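The block underneath contains the structure these notes are about, expressed in structure tokens.
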Amino acid sequence: MVSTQLQKARDFEAQYGPQIPAEERPAFHATPTIGWMNDPNGLSFYQGKCHLFYQYHPYSNEWGPMHWGHLTTEDFIRWERLPVALAPDQPCDIAGCFSGGAVELPDGRHLLMYTGVQREPDENGVVRDIQTQCVAIGDGLNYEKYPLNPVLTKCDLPKGGSAVDFRDPKVWREADGTYYAVIGNRTPDGSGAILLYRSEDCLNWAYVRTLDACHNEYGRMWECPDFFSLDGQYVLLTSPQDMYPMGLEFHAGNNVLCLLGTCDPQSMTFTRQATQAVDYGLDFYAPQTLLTPDGRRIMIAWMQNWSTAGAKPIPCRWFGQMSLPRELFIRDGRLCQRPVRELEAYRGPQVLHHQVPVHGEVHLPGVQGRVVDMTVTIRPGCQGYHWFRIHVAQDDIHDTVIHYRPYENTLEIDRTHSGLPHDIVNTRSFLVHPQDEELKLRIILDRFSVEVFVNDGEQAASAVIYTRQEADAITFETDGQALIDVEKYDLTV
Ligand code: FRU
């Protein structure tokens with residue numbers, strides 16, 4: 001049954017979504033049909049397609065009572081819009097259907113597991129969220145909320161767990177048919193923990209253990225967990241709030257943390273061995289992953305940051321976009337990522353420049369554009385250099401700069417002049433690891449973003465930009481002498 005709230009949202013997006021011309025959107029990054037988008041939700045394969053749901057407030061470009069928007073794709077590049085899947089229309093989710101995951105059931109139905117939010121006054125009369133876990137089951141288009149929702153409540157929390165911060169279930173099915181879900185929670189020390197639950201049918205859930213906890217070391221609340229094995233290691237992803245930077249490894253605010261370790265599959269005990277940042281840019285949060293039928297682990301994040309999400313372009317009928325889907329792998333004990341290989345099918349003719357000397361600022365024939373896949377390899381010329389800059393989305397007054405300083409081993413993204421009329425954080429620096437004085441950067445430009453992949457996926461850095469599309473120059477500049485290779489393709493999607 002379609003509730004009045006769901007029908008209203010479907011009617012609204014059907015009326016206003018098609019009014020947004022395609023050129024006002026990215027060419028291949030997922031955006032909301034209309035209004036506001038945050039976290040990716042329910043990323044899953046179902047009936048031959050990848051389904052991507054998202055935190056959605058169709059009625060404005062601001063966060064509001066959360067719905068689940070719905071997209072599908074067959075190649076992670078072209079997205080098809082489906083009607084809103086969930087609206088806040090039940091007592092247990094009346095204040096919002098927050099983030100969650102999805103899984104296909106053995107009988108062929110699709111199950112969404114999400115956080116239902118309602119508000120209640122606490123003992124001091126302060127109105128607080130009460131967060132519980134709920135499910136909805138459907139056919140890839142329409143979903144019925146389970147009449148016995150919620151399926152997990154504060155009664156299912158370990159001792160001292162918070163009912164106010166208990167959210168973002170990521171569900172999966174093991175080969176033996178057992179379902180697991182990881183869920184973010186807050187412990188009595190005020191910081192986050194990732195709880196693991198088990199179920200035989202996805203409806204009746206039991207607490208297994210706490211997989212890992214923050215102990216106020218990596219931010220505070222841990223949101224949006226994901227847990228999977230990859231190349232012989234176990235990866236626990238989470239998005240901490242209120243984080244302090246640690247050198248150049250994390251930046252302040254909302255971050256994405258990767259915990260790498262081992263896991264005993266019998267007891268599901270996770271032992272942490274290493275931590276790292278997942279994206280070093282300005283805009284990347286709340287990633288979710290899925291396993292493709294051909295065995296790849298693909299990650300998609302909200303390509304935004306809560307600290308800067310108030311900075312909107314004008315006009316702005318949609319706000320929030322997803323990152324380019326990225327293939328994850330482990331190399332030298334680190335989580336690495338590269339653009340999903342399906343992107344290469346959209347490349348136009350190759351433009352290739354080999355061993356080009358750069359001295360001052362140069363423009364290379366055939367190298368410009370705003371929807372581009374470009375790899376630049378930078379090495380010192382006979383005199384070397386102190387800095388090397390790649391300017392993209394450039395015209396007389398705009399540019400976004402990827403700035404490499406070999407003596408500091410830092411790479412910086414600087415979008416100060418990308419055309420945003422807001423005083424927000426615009427630069428981010430991080431340490432890079434050149435090989436034999438050579439740094440390789442794959443730069444993916446879409447109309448409203450820049451994503452940089454360093455040294456074949458060792459690191460990634462993402463930033464949204466809203467520079468006018470006419471600013472399509474790309475130039476290379478150094479204070480000394482450098483030699484570069486450039487391989488560039490326009491992308492036509
Ligand atoms: C992360 C988050 C989640 C929550 C959702 C609400 O960005 O805060 O923890 O479920 O957004 O929209």
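Counting starts at 1 for both ligands and their atoms, following the listed order. Along the sequence shown, the residues carry numbers beginning at 1. Here the structure is a predicted model, which means the values were calculated and not measured.
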Exercise for review: May I ask you to test the Ile130-Arg119 pair for a side-chain heavy-atom distance under 4.5 Å?
Suggested key: no
**Study point:** Contact check: Tyr285 vs ligand 1, nitrogen or oxygen atoms, below 3.5 angstrom
**Key:** no
Review point. What residue and atom, counting heavy atoms only, is the protein's closest point to atom 2 (C) of ligand 1, and at what distance?
Key: Asp39 OD2, 3.3 Å
Point to revise | Which residue and heavy atom of the protein sit nearest atom 8 (O) of ligand 1, plus the separation | key: Glu223 OE2, 2.8 Å
Check your understanding: Checking side chain to side chain donor-acceptor pair (under 3.5 Å) against Gln337, which of Glu327, Arg326, Gln459, Glu451 comes through?
Key -> Arg326
Exercise for review: Please check if any side-chain donor atom of Asp283 sits under 3.5 Å from a side-chain acceptor atom of Ser462, or the reverse.
Suggested key: no
Point to revise | Contact check, Thr115 vs ligand 1, heavy-atom distance below 4.0 Å | key: no
Review point. What's the shortest distance from atom 6 (C) of ligand 1 to any protein heavy atom, and which residue and atom give it?
Key: Gln55 OE1, 3.2 Å
Point to revise | ligand 1 to Ser99 polar contact by distance, N or O atoms, under 3.5 Å | key: yes
Check your understanding: Does ligand 1 have an atom that lies less than 4.0 angstrom from a heavy atom of Trp306?
Key -> yes
Review point. At what distance is the nearest protein heavy atom to atom 10 (O) of ligand 1, and which residue and atom is it?
Key: Asp168 OD1, 2.6 Å
Exercise for review: With heavy atoms under 4.0 Å as the rule, classify the contact between Trp302 and ligand 1 as side chain, backbone, both or neither.
Suggested key: neither
